[in-house]
Amino acid sequence: MLPLQRWLPPDEAAAWLRTYQAFFRSRGARLGMDVDAQVLSSGFSHGGAGLFSGGRFASLALENPRGATFVDGDLLVDGWLENVDGLVFVRGNLIAQTLFTSGYLVVLGELRVRRLLGEDEPHGTYVFGDAYIQSAVFSHNHQFDVWGTAELGEEVHDESDGRHAMRERLVAWKVLSDPRQEKYLEEARLGLRAQAETWGPLPEDWAARRYTPKPEAEGVRLPPPPPPALVIELEQWLGSEGRTQRQQLEGLRTHWLPRLNDAVTREHARRLIRKTINSKKLVAERDALLRELER
């Protein structure tokens with residue numbers, strides 16, 4: 001269990017996060033790295049956040065039903081690490097053997113894991129340092145973005161590779177027994193736990209790593225070029241009130257799809273649509289639209 005320093009009500013949690021917002025969208029972060037500080041600081045039902053000390057642990061489940069979890073420092077885990085439906089901000093590096101996350105995970109420093117399973121979550125995983133992952137599996141609704149260098153030895157994403165291919169990779173990992181299973185998640189999560197416990201402690205070159213702020217964290221990095229004007233217009237349209245997600249889907253299909261006619265705007269649009277249209281009932285229709293966007 002993480003050592004609790006103190007509990008932060010939402011206003012104090014927001015003030016604590018401001019120190020680390022040099023990368024956040026409100027300070028000119030590139031499109032896609034739009035970390036929502038308000039979601040993190042509000043926690044669940046405006047409960048705020050627990051401020052916990054980092055450190056080194058054998059294995060760790062980041063469980064905090066009261067609110068968000070702010071980790072003040074590097075988080076090193078010799079075995080498995082899980083973030084199940086949590087709101088987690090790590091002010092430092094996150095290093096573990098395996099990582100299962102179905103929640104919001106923001107890492108200010110480096111992410112380094114052997115295996116990562118990112119499950120269905122509209123917010124997803126954002127890394128402002130570098131990411132080194134030997135093998136990763138992502139569900140179609142899990143956002144994953146890295147500001148620095150991203151090195152993924154293997155990656156399977158069910159949106160591009162198909163759900164069966166995703167489950168086949170879990171079988172290849174030896175954390176799932178049958179790729180035909182529809183309800184595979186719990187077996188895969190427990191399989192990652194069992195696997196990580198057989199690998200022993202972190203390699204010493206991993207365990208010795210400490211978070212070092214990059215120069216851009218001090219505000220000296222030049223801002224990236226702005227996204228195309230059409231993308232900005234689309235983002236404003238998606239963010240405007242008065243339309244249900246179903247109505248947004250219809251508008252995207254009839255009005256926006258013909259206008260998104262180059263690779264750059266389509267890639268930006270794909271990110272925005274996947275984040276905004278997050279209703280479980282509309283996943284199939286949204287994914288069909290995304291497939292049209294890729295043609």
Side-chain angles (χ1 to χ4, degrees), residues 20-40 104-108 118 121-131 136 138-152 155 157-161 214-279 282-295:
Y20 310 106
Q21 282 186 324
F23 289 121
F24 290 4
R25 185 174 182 78
S26 60
R27 301 287 289 274
R30 66 179 173 81
L31 191 70
M33 296 297 287
D34 49 351
V35 169
D36 195 328
Q38 183 175 358
V39 169
L40 289 170
Y104 199 4
L105 176 60
V106 181
V107 181
L108 193 64
E121 164 55 42
H123 289 300
T125 301
Y126 296 88
V127 182
F128 288 103
D130 299 330
F138 296 110
S139 172
H140 64 281
N141 213 32
H142 191 93
Q143 303 285 324
F144 180 77
D145 210 346
V146 180
W147 181 287
T149 300
E151 293 187 11
L152 279 68
E155 178 183 2
H157 200 301
D158 73 354
E159 186 173 50
S160 56
D161 303 304
K214 294 185 176 182
E216 49 264 41
E218 305 301 324
V220 301
R221 180 174 180 170
L222 294 176
L230 184 60
V231 173
I232 296 174
E233 183 184 347
L234 173 61
E235 186 175 26
Q236 292 172 343
W237 183 84
L238 286 170
S240 61
E241 297 180 357
R243 299 182 187 88
T244 66
Q245 289 192 18
R246 183 170 294 281
Q247 289 171 332
Q248 287 179 322
L249 262 179
E250 289 301 319
L252 287 166
R253 186 175 294 108
T254 58
H255 177 70
W256 287 98
L257 197 60
R259 300 177 64 193
L260 301 169
N261 51 20
D262 68 82
V264 174
T265 56
R266 283 175 177 250
E267 176 58 22
H268 284 309
R270 190 178 68 85
R271 291 174 180 272
L272 289 171
I273 294 167
R274 224 163 81 188
K275 181 190 173 190
T276 305
I277 310 298
N278 52 32
S279 169
L282 299 176
V283 165
E285 294 178 53
R286 183 204 62 187
D287 289 353
L289 176 70
L290 291 174
R291 286 193 291 271
E292 289 185 50
L293 194 61
E294 292 174 357
R295 292 174 185 170

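- Nearest heavy atom pair, residue Leu290 against residue Glu159, reads CD1-OE2, 3.1 Å.
- Listed for the Ser139 side chain is no donor-acceptor partner under 3.5 Å among the backbone atoms of His142.
- Without hydrogens or angle criteria, Asn278 side chain to Lys275 main chain gives a donor-acceptor distance under 3.5 Å.
- Atom NE2 in His255 sits 14.5 Å away from atom CZ in Arg253 (nearest 0.5 Å).
- With hydrogens and angles ignored, the 3.5 Å screen pairs no side-chain donor or acceptor of Glu285 with any backbone N or O of Leu282.
- The distance from atom CH2 of Trp256 to atom CG of Leu293, rounded to the nearest 0.5 Å, is 12.5 Å.
- Side-chain atoms of Asp130 never come within 3.5 Å of backbone atoms of Gly148 as a donor-acceptor pair (strictly under, hydrogens ignored).
- To the nearest 0.5 angstrom, Arg271 atom CZ is 4.5 Å from Asp145 atom CG.
- Taken to the nearest 0.5 Å, the CG atom of Leu152 stands 5.5 Å off from the CZ atom of Phe144.
- When all heavy atoms of Arg274 and His157 are compared, the closest pair comes out as NH2-NE2, 3.7 Å.
- Remark: Leu289 CG to Leu252 CG distance equals 6.0 Å, nearest 0.5 Å.
- Using cut-offs of 30° and 60° on the angle between ring planes, the pair Tyr104 and Tyr126 is perpendicular.
- The side-chain heavy atoms of Leu234 and Leu230, taken from C-beta on, include no pair separated by under 4.5 Å.
- Nearest heavy atoms, Leu108 versus Phe128: O-CB, 3.6 Å.
- Contact detail for Val146 and Gly129: the closest heavy-atom pair is CG1-O, 3.5 Å.
- For the atom pair Asn261 CG and Thr265 OG1, the distance stands at 6.0 Å (nearest 0.5 Å).
- Under 4.0 Å is where a charged nitrogen must lie from a carboxylate oxygen, and between Glu250 and Arg246 no such pair does.
- Nearest heavy-atom pair, Glu292 versus Leu257, reported as atom, atom and distance to 0.1 Å: OE1-CD2, 3.3 Å.
- Heavy atoms only, all atoms of each residue included: Gln248 and Trp237 are closest at O-CH2, 3.5 Å.
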